[in-house]
Protein chains: 2
Amino acid sequence: MSTSRSTRPSAVQGARARARQEITVAIKDEARRQLADDGAAKLSLRAVARELGMVSSALYRYFPSRDDLLTALIIDAYDSLGEAAERADADRTATAPPPSPVERWVTVCEAVRAWALAHPHEYALIYGSPVPGYTAPTTTVPAAARVGLLLIGIVRDAHGTRGLALTPLPDALRAEAGRIAADIASDLPLEVVAALVAAWAQLFGLVGFEVFGQFNRVVEDRAAFFAYAATGLAHTVGLLPAPPAK
Amino acid sequence: MSTSRSTRPSAVQGARARARQEITVAIKDEARRQLADDGAAKLSLRAVARELGMVSSALYRYFPSRDDLLTALIIDAYDSLGEAAERADADRTATAPPPSPVERWVTVCEAVRAWALAHPHEYALIYGSPVPGYTAPTTTVPAAARVGLLLIGIVRDAHGTRGLALTPLPDALRAEAGRIAADIASDLPLEVVAALVAAWAQLFGLVGFEVFGQFNRVVEDRAAFFAYAATGLAHTVGLLPAPPAK
DNA sequence: CAAAAAAGAGAGCAGCGCTCTTGCTATGGA
DNA sequence: TCCATAGCAAGAGCGCTGCTCTCTTTTTTG
């Protein structure tokens, strides 16, 4: 017992490392709570420490600065959103009548919207104004890409993009779209790749307008409007409308 | 001379009121300068006062709180953006070959984008995360609506929306669209009204993604991509593509 | 000309992010 | 088993912030 414990700190990780992890999580949880209450601007290291019964300077052993704490929350938020979207798609895909590509697309869009409305301040953190100077640390990239990759996957699975009326791609963008396609979806037509990137940004325009109150005296039935707009986005990326034949 | 001056403070407005206005403007200008440098989070009343050679408490005679200063900057930003968009449209409309509706639409979209890229922190103020608690003062509404109204005007002027393939409007949204249309564009088909609201939000999704760096390792030639996406938006609101016949 | 309104100056309060120093304790090799 | 060491909490403190209060000066007004 003693031999395996002393030389391998990876498996069980002495009580100290374990405590460190637990405290790190507790700090983030408390910070997230305060974030939900008052927004990122009011998030205070001292208040978090106070609530956790520790002194403010002790907190710097876990996060070297306030912005680092925020960065950690940003990464968690991206992951939380990505997971919510992926789970919504998985749940929907598992139901009895397999969903059409448009239905899958709208399901994912609605999951993004629901997550944003449930966590408005965390949404603001990741899709609102960048908080510190301008530094978007590269570590957030994979987490940030999850929703985009999920939408691409849906379109690729559909592969039934049989020449719907897509906006023709200007020559200036063919190279651009080709480069993007090489990265993420080399099997899709360039028109679809470009439309996907645009739809990706436009989706967050819709969500952001609702979360940030821009629809306040304009749109009342926002759920219905969002479903309509998300369906429109699905069409712009080449997913076919439901067959009118019944 | 004396009679007209004493009883009518409206015309010339004693030297005091004039000074007050000038100082108010100077405060906002300096605040805007600091905003452009360091962003809204770092904007400090004390620093503004210091730069203006006054003591911090004196500044509270002009703006009762930091958030009130920010609110003033927000209104100015909305107006600045609205004016930039309107001027771009007016300039384009005045050129020799009168522009097509799509060209006008894209011109306005590009003006919005250009303004946002030139004033990223001010853009973040109005279309990023709301700054204070959540209060969007009603005073900002008219200024905020200018770009939207401009886009509506272009579509109305076109009135050539002869049944392009618009996403059909679900029944649940007919009442909604009818209400919006009654407010702003009672002469447009409901499908176009709904598509306009969606396109309005989606436009700012595109702009926001670029300004906030979400396109960073994704889209390189962002001007070309934006023009492409804005053209797509024009189509979704029923503006006809340029006739392929040459 | 005197009363009143408006503006500036200064001190001060509580809170913030962050640093540095000082003790304490659990950990891992001798 | 013992002990040097590394990790951690605590406290004091610096300079900054938003904001309030009081006091004095300046300008407008009846």
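Residue numbering restarts at 1 for every chain, and letters A, B, ... go by the order of the sequence lines.
Between B:Arg66 atom CZ and D:dC16 atom P there is a gap of 17 Å when expressed in whole angstrom units. The nearest whole Å value for the distance from the CG atom in B:Leu45 to the P atom in D:dT20 is 11 Å. Rounded to whole Å, atom P of D:dC8 lies 13 Å from atom CD of A:Glu22. When rounded to the nearest whole Å, the span between NZ of B:Lys42 and C1' of D:dT17 equals 13 Å. At whole-Å resolution of the value, CD in B:Glu51 and P in D:dT17 are 12 Å apart. The CD1-P distance, from A:Ile27 to D:dA9, rounds to 8 Å in whole Å. In this structure, B:Phe63 places its CZ atom 13 Å from P of C:dG8, rounding to the nearest Å. As a whole-Å value, the separation of A:Leu59 CG from C:dT19 C1' is 15 Å.
Ranked by how close their nearest DNA chain D nucleotide is to the 5' end, A:Arg20 and B:Ala47 are led by A:Arg20.
For B:Arg46, taking side-chain heavy atoms from C-beta onward, the closest of the listed nucleotides C:dG10, D:dC19, D:dA10 is D:dC19. Distances from the side chain of B:Met54 to the nucleotides D:dT17, C:dA9, D:dA10 place C:dA9 closest. With D:dA9, C:dA9, C:dG17 as the candidates, the nucleotide lying closest to the side chain of B:Val55 is C:dA9. Comparing C:dT19, C:dC16, D:dC19 by their closest approach to the side chain of B:Ser65 singles out D:dC19. The side chain of B:Arg50 lies closest to D:dC16, out of C:dC16, D:dC16, C:dC18.
No engagement by B:Leu69 is indicated, since no non-hydrogen atom pair under 4.0 Å with the nucleic acid exists. Backbone-only contact: B:Ile23 has heavy atoms under 4.0 Å from sugar-phosphate atoms and none from a base.
A:Ile152 has its side chain out of reach of A:Val155: every pair of non-hydrogen atoms, C-beta onward, lies at least 4.5 Å apart. Residues A:Thr24 and A:Phe63 form a side-chain contact, since some pair of their non-hydrogen atoms from C-beta on lies under 4.5 Å apart.
Remark: A:Ser56 is not in phosphate contact with C:dG17, judged by side-chain N or O atoms under 4.0 Å from OP1 or OP2. Dashed line: the shortest gap from a side-chain N or O of B:Ser57 to OP1 or OP2 of C:dA9 is not under 4.0 Å. The shortest distance between the side-chain N/O atoms of A:Tyr62 and the OP1/OP2 oxygens of D:dA9 is below 4.0 Å.
Residue side chain B:Arg61 reaches the base of C:dG8 through a donor-acceptor N/O pair under 3.5 Å, judged by distance alone.
Separation of the B:Phe215 and B:Phe225 ring centroids falls under the 6.0 Å cut-off. Centroid-to-centroid, the aromatic rings of B:Phe209 and B:Phe204 stay 6.0 Å apart or farther.
By the 4.0 Å N-to-carboxylate-O rule, B:Arg87 lies close enough to B:Glu83 to be salt-bridged with it.
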